[in-house]
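For reference, the structure is listed below as structure tokens.
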Amino acid sequence: MVKTVQGVVHGKTIQLDDDLGVAEGERVEVKVRTIEPAAQWGDGIRRSAGGWAGHPEMDEVMERIQRERKLERRPQLDA
């Protein structure tokens, strides 16, 4: 019998989510593969946060970018 079930590791014990349906004391072979947690919205930005923490000049760079964004970019019409 081959059956795939998921569970959680607690030290040397794996607590399975489902009953295997095998008799108590029966020997089994176990192959373990970790499961990647499901991605949630915003995970990417949380992982990247703090990437520039060791670069104090970034405050000045970000302020300059913010000022430049506020500049009028449309050509002025002659009145």
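Here the structure is a predicted model, which means the values were calculated and not measured.
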Query raised in the report: Which atom names give the shortest non-hydrogen contact between M1 and L20, and what distance separates them?
Result: CE-O, 3.9 Å
Query raised in the report: What do you reckon, is CE of M62 surrounded by more than 12 foreign heavy atoms closer than 6.0 Å?
Result: no
Requested in this report: For D19 and K3, work out which heavy atoms get closest and say how close.
Outcome: O-NZ, 3.1 Å
Query raised in the report: To the nearest 0.5 Å, how far apart are CD1 in I65 and CD in E63?
Result: 10.5 Å
Query raised in the report: Is I14 reachable from V28 through a run of hydrophobic residues whose side-chain heavy atoms are each under 4.5 Å from the next?
Result: yes
Query raised in the report: If two hydrophobic side chains count as joined below 4.5 Å and joins carry through other members, does V30 share a cluster with V5?
Result: yes
Report task. Salt-bridge test for E68 and R64: reply yes if a basic N is under 4.0 Å from a carboxylate O, no otherwise. Result -> yes
Requested in this report: For atom CD1 of I45, decide whether the heavy atoms of other residues, nucleotides or ligands shown that lie under 6.0 angstrom number more than 12.
Outcome: no
Report task. Find the distance between CD (E24) and CD (E26) and round it off to the nearest 0.5 Å. Result -> 10.5 Å
Query raised in the report: Considering only heavy atoms from C-beta outward, does the side chain of V32 approach that of V9 to under 4.5 Å?
Result: no
Query raised in the report: Would one find more than 12 heavy atoms of other residues, nucleotides or ligands at under 6.0 Å from atom CD of Q6?
Result: no
